[in-house]
Amino acid sequence: MSVDDLNAVLRARRAKLEQLAEQGIAPFAYRFERTHDARHAVAALGGAAGDAPGPDVRVAGRLVSWRAHGKTAFAHLADPSGRLQLYFRRDELGEERYAALDLLDLGDVIGVEGPLFRTKTGEATVRVRAFELLAKSLRPLPFGKEEVVDGRAVLHSGFADAEQRSRQRYADLAVHPDVRELFIARSRMVSAIRRFLDARDYIEVETPVLQPLYGGATAQPFVTHHETLDMPLYLRIADELYLKRLIVGGLERVYEIGHDFRNEGIDRTHNPEFTMLEFYQAYADYRDMMSVVEALVVAAADAVRAEPSLAERVPVFEPPFPRVEWVRALNHALGVDAMALDASALRDAAERVGIEHAATLSRPKILDEMFQVLVEAQLDAPTFVIDYPRELSPLAKPKRGDPSLTERFELFARGKEMANAFSELNDPIDQRARFEAQAALRAAGDQEATGVDEDYLRAMEYGMPPAGGVGIGIDRLFMYLTGTAHIRDVILFPTMRPE
RNA sequence: GCGCCCUUAGCUCAAUUGGCAGAGCAAAUGACUCUUAAUCAUUAGGUUGUAGGUUCGAUUCCUACAGGGCGCACCA
């Protein structure tokens, strides 16, 4: 885009850039020594009563409002900690420097120096003695105007377009302090989870994102190609099989936080790449892992609640969470023994609860759909669903005492799956049989079925201790804790078509 | 992938039945030494998402395409 194509606003800013050059003012600085951020500057003035001047401060940030009155001007500077009012006077700055203020624009990054004082309306303000341009803003940020009504900031004419806010997250963050706070809270939550696991003697590991065989979940993968090896590689859909190899190797407690990739639809709760936490603990079973998950969710919630602007939104948990047995819950909701129904009775039951074309679905699929409608959707408070039917859980160990079930739990909250966990299968004979069943499905055209992972079987044949394993979707956990409806609002740069 | 809806100035939004495309903010010029959605005056800013069609005339009606939103499907 040439300068000729730019609109008048952009041209005006470029013109100022030239005037700055003529005056020998560098529009893009190297550094600025700060003594305070906005919040600490306000605190530094403290309760200084009346006209008592406060200390000198040097603060830097973005110019977000400007009110000129001839020979004086008020402005607000915003930094990550908040906003601070600035007061410019011609008689203090001198005519030349005061005139140079004309070359500033909203959105410029500036640094100022001067004493703090309180205006007659009581607002902590810097009486600017000197200012420096640190970065010229050549493109107007979509600032709204902020009005304070009953002590609360009300934004006028802001940056509302959901598409542009996601595409230009930098602008969204720049003009919306609450968006910054949300992503800061997400980072704090992830840090808290790391501390939680570290404190329990888990070690954080990194396993391959590019995998010759994908597995550990059922999903369409992204496929790429390595030139030198001349072979296809898949972006991982789960971390599971590599983490369990490490259990074989004697790393008894491991976790990984990273992106999984699934080549599927995009909607309110799905992004093609998303953040997954998986952790595995040798010599533990799924009941041990339930306790860990309860404590982990509490720790994550505490970390988010520590962000004051979000505190009210974060649910308070009181472990232990209720446990609901899969079969018993479904039968109770249905009023009959679902597992005992024959094929046609099951179809009729499914259609009564609103499942369409049940005739085309497999038995496990019908059961799963009925469970989703009748039970999962009703689970608002965090609840463990335990002991899934074997036919729904190809990756879990059979339940002790009832081989028709598996030792598996999922954690649900607000009707959404938060975590999925098993007593991990550690029998290589059984594992091979399950892989071969998958391979048969794949040969029959099921794109999501995986092949036989011989290397993983080799690892298991060396002997894998019993272990409990958990997967938790970090994006969804954070959505739940903050009451965020759309996954794109908790991912800094969600996947979108190019403009 | 399917259905419905949306796309107008840098931002937020108007525009009667198909009849000269408007406002606020932002911008430019001027006035103003405690303002805070500052105020006041003046000015500029548009190939109405793109390409076609119907019409004397299209922001408006039709078709296709692009991007987006919502729902469905897929995703245990």
Side-chain angles (χ1 to χ4, degrees), chain A residues 6-13 15-16 51 64-76 83-93 98 102 105-107 117-123 125 127 137-149 153-168 171 175 217-221 237-238 260-272 274 326 356-357 362 364-365 367-369 371-372 376 385 388-389 391-396 408 410 412 417 420 447-448 471 473 485-488 494 496-499:
Chain A
L6 300 177
N7 67 53
V9 177
L10 272 62
R11 280 201 303 272
R13 295 203 173 191
K16 288 180 183 178
D51 297 338
V64 295
S65 71
W66 185 256
R67 298 174 297 281
H69 301 78
K71 299 183 184 65
T72 65
F74 285 91
H76 274 97
R83 294 156 67 98
L84 182 62
Q85 185 167 250
L86 309 178
Y87 182 43
F88 298 90
R89 294 175 59 96
R90 192 171 76 167
D91 57 9
E92 287 190 38
L93 285 166
Y98 192 79
D102 285 344
D105 288 295
L106 292 187
F117 75 108
R118 217 171 270 290
T119 62
K120 73 179 186 191
T121 59
E123 182 167 350
T125 302
R127 184 182 297 260
S137 168
L138 293 176
R139 182 179 293 274
L141 277 166
F143 287 117
K145 288 209 159 190
E146 208 175 281
E147 178 188 21
V148 178
V149 178
V154 179
L155 205 61
H156 298 273
S157 301
F159 184 36
D161 185 271
E163 176 188 351
Q164 293 308 325
R165 289 179 61 182
S166 295
R167 285 190 192 283
Q168 300 187 38
V175 305
T218 311
Q220 288 280 352
I237 59 173
D260 287 348
F261 305 83
R262 297 184 183 176
N263 203 343
E264 285 157 358
I266 297 176
D267 66 21
R268 236 178 8 205
T269 55
H270 296 84
N271 195 63
F274 59 100
W326 197 97
E356 290 172 13
H357 39 264
S362 64
K365 189 74 188 163
L367 289 169
D368 190 35
E369 297 245 349
F371 189 82
Q372 284 181 23
E376 287 180 10
V385 174
Y388 281 64
E391 47 200 332
L392 290 178
S393 310
L395 300 166
R408 172 185 181 188
E410 293 197 355
F412 286 89
E417 178 190 338
N420 185 22
Q447 294 280 314
E448 292 187 346
H486 207 302
I487 197 169
R488 68 158 180 242
M496 300 184 82
R497 281 199 174 85
E499 284 175 275

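A quick note: this is a predicted structure, and the numbers were derived from the prediction, not measured. What you see below is based on every heavy atom in this structure, not just the backbone, and it leaves out hydrogens, waters and symmetry mates. So you know, we letter chains A, B, ... as the sequences are listed, proteins then strands, and number each from 1.
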Participant: Base, sugar-phosphate, or nothing: which does A/Arg167 touch, judged by heavy atoms less than 4.0 Å apart?
Facilitator: sugar-phosphate
Participant: Which comes earlier along RNA chain B counting from the 5' end, the contact point of A/Arg488 or that of A/Ser393, where each point is its nearest nucleotide?
Facilitator: A/Arg488
Participant: Given side chain to side chain contact (heavy atoms under 4.5 Å, CB included), test A/Arg139 with A/Leu10 step by step and report yes or no.
Facilitator: CA-CA 6 Å; A/Arg139 182 179 293 274; A/Leu10 272 62; 4.1 Å; yes
Participant: Respond yes when some side-chain nitrogen or oxygen of A/Lys120 is under 4.0 Å from OP1 or OP2 of B/C34, and no when none is.
Facilitator: no
Participant: Take the protein atom CG of A/Asp161 and the nucleotide atom C1' of B/U8, then report the distance between them rounded to whole Å.
Facilitator: 13 Å
Participant: Counting any heavy atom closer than 4.0 Å, what does A/Glu417 reach on the DNA or RNA strands: base, sugar-phosphate only, or nothing?
Facilitator: nothing
Participant: Please determine if a side-chain N or O atom of A/Arg67 lies less than 4.0 Å away from the OP1 or OP2 oxygen of B/U36.
Facilitator: no
Participant: Run the side chain to side chain donor-acceptor pair (under 3.5 Å) test against A/Tyr98 and tell me which residues pass, sequence neighbours left out.
Facilitator: none
Participant: Compare the minimum distances between each of B/G68, B/C11, B/C34 and the side chain of A/Phe74, then state the nucleotide with the smallest one.
Facilitator: B/C34
Participant: Tell me: CZ of A/Arg90 to P of B/A31, nearest whole Å?
Facilitator: 10 Å
Participant: From CG of A/Leu141 over to C1' of B/C25, roughly how many Å is that when rounded to an integer?
Facilitator: 15 Å
Participant: Where do A/His486 and A/Asp267 come nearest, in terms of heavy atoms and distance?
Facilitator: CE1-O, 3.7 Å
Participant: Looking only at side-chain N and O atoms, does A/Lys16 come under 4.0 Å of OP1 or OP2 in B/A27?
Facilitator: no
Participant: I'd like to check A/Ile237 versus A/Asp260 (side-chain heavy atoms, cut-off strictly below 4.5 Å). Are they in contact?
Facilitator: no
Participant: OP1, OP2 of B/G69 versus side-chain N and O of A/His486: anything below 4.0 Å?
Facilitator: no
Participant: Whether A/Arg127 engages the ring of A/Phe117 as a cation-pi pair (distance to the six-membered ring centre under 6.0 angstrom, angle to the ring normal within 45°) should be assessed.
Facilitator: yes
Participant: In whole angstrom, what separates A/Asp105's CG from B/C25's P?
Facilitator: 18 Å
Participant: Quick one: on RNA chain B, does A/Ala160 or A/Thr121 contact a more 5' nucleotide (nearest heavy atom)?
Facilitator: A/Ala160
Participant: Kindly point out which of B/C34, B/C11, B/A38 is positioned nearest to the side chain of A/Tyr87?
Facilitator: B/C34
Participant: Using a 4.5 Å cut-off on heavy atoms from C-beta on, say whether the side chain of A/Glu163 contacts that of A/Gln168.
Facilitator: no
Participant: Report the distance from atom CG of A/Leu10 to atom P of B/A28, rounded to the nearest whole Å.
Facilitator: 12 Å
Participant: Atom pairs, N/O to N/O, protein against nucleotides 39-46 of chain B, distance under 3.5 Å?
Facilitator:
none

Participant: Expressed in whole Å, how much space separates the C1' atoms belonging to B/G18 and B/G57?
Facilitator: 8 Å
Participant: Pick the P atom in B/C40 and in B/A58, then give their distance to the nearest Å.
Facilitator: 39 Å
Participant: A/Phe88 vs A/Trp66 aromatic rings, parallel, tilted or perpendicular, using cut-offs 30° and 60°?
Facilitator: tilted
Participant: Return the value, rounded to whole Å, for the distance between atom CH2 of A/Trp66 and atom P of B/A26.
Facilitator: 14 Å
Participant: Base, sugar-phosphate, or nothing for A/Gln164, non-hydrogen atoms under 4.0 angstrom?
Facilitator: nothing
Participant: Between A/Lys16 and A/Asp105, does any NZ, NE, NH1 or NH2 come within less than 4.0 Å of an OD or OE carboxylate oxygen?
Facilitator: yes
Participant: Report yes if the side chains of A/Trp326 and A/Leu367 come closer than 4.5 Å at any heavy-atom pair, otherwise no.
Facilitator: yes
Participant: Ignoring hydrogens, what is the shortest heavy-atom contact between A/Arg67 and A/Ala75? Give both atom names and the distance.
Facilitator: NH2-N, 4.3 Å
Participant: Looking at every strand, decide which applies to A/Thr119 at a 4.0 Å heavy-atom threshold: base, sugar-phosphate, or nothing.
Facilitator: base
Participant: Go through the structure and list residues passing side chain to side chain donor-acceptor pair (under 3.5 Å) with A/Asp102, not counting sequence neighbours.
Facilitator: none
Participant: Classify the side-chain pair A/Ser137/A/Arg13 by whether it contains a donor and acceptor separated by less than 3.5 Å.
Facilitator: yes
Participant: Under 4.0 Å between any heavy atoms, over every strand shown, what does A/Arg89 touch: base, sugar-phosphate, or nothing? Just pick one.
Facilitator: base
Participant: Please check if the side chain of A/Asn271 supplies one atom and the backbone of A/Phe274 the other of a donor-acceptor pair under 3.5 Å.
Facilitator: no
Participant: Under 3.5 Å between N/O atoms: give me all the protein pairs with nucleotides 71-73 of chain B, atom names plus distance.
Facilitator:
unit_1	atom_1	unit_2	atom_2	d
B/G71	OP1	A/Arg268	NH1	2.4

Participant: For B/U35, does the base pair up with any side-chain atom of A/Glu123 as donor and acceptor (N or O, under 3.5 Å, distance only)?
Facilitator: no
Participant: For nucleotides B/U47 and B/C5, find the distance between their C1' atoms and express it as a whole number of Å.
Facilitator: 25 Å
Participant: Could you tell me which residues satisfy side chain to side chain donor-acceptor pair (under 3.5 Å) with A/Arg408, sequence neighbours excluded, listed by chain and number?
Facilitator: A/Ser393, A/Glu410, A/Asn420
Participant: Assign A/Ala162 to base, sugar-phosphate, or nothing according to its heavy-atom contacts below 4.0 angstrom with the strands shown.
Facilitator: nothing
Participant: Just how far, in rounded Å, is C1' of B/U35 from NE2 of A/His69?
Facilitator: 4 Å
Participant: Tell me, do A/Arg83 and A/Val64 make a side-chain contact under 4.5 Å, heavy atoms counted?
Facilitator: yes
Participant: If you measure from the C1' atom in B/G68 to the same atom in B/C32, how many Å do you get, rounded?
Facilitator: 45 Å
Participant: Distance check, P atoms only: B/C62 and B/C4, in whole angstrom units.
Facilitator: 13 Å
Participant: Does A/Tyr388 reach a base, just sugar-phosphate, or nothing at all? Heavy atoms under 4.0 Å.
Facilitator: nothing
Participant: Is RNA chain B part of any stem, that is, at least 3 consecutive Watson-Crick or G-U pairs with both distances under 3.5 Å, and where?
Facilitator: B:1-7 with B:66-72, B:10-13 with B:22-25, B:27-31 with B:39-43, B:49-53 with B:61-65
Participant: Could you measure between the two P atoms, the one in B/G30 and the one in B/U35, and give it in whole Å?
Facilitator: 24 Å
Participant: May I ask you to evaluate whether A/Arg497 reaches the phosphate of B/G68, defined as a side-chain N or O under 4.0 Å from OP1 or OP2?
Facilitator: yes
Participant: Which whole-number value in Å describes the distance from A/Phe117 CZ to B/U35 P?
Facilitator: 11 Å
Participant: How far does the P atom of B/C6 sit from the matching atom of B/U43, given to the nearest Å?
Facilitator: 36 Å
Participant: For nucleotides B/G49 and B/U36, find the distance between their P atoms and express it as a whole number of Å.
Facilitator: 38 Å
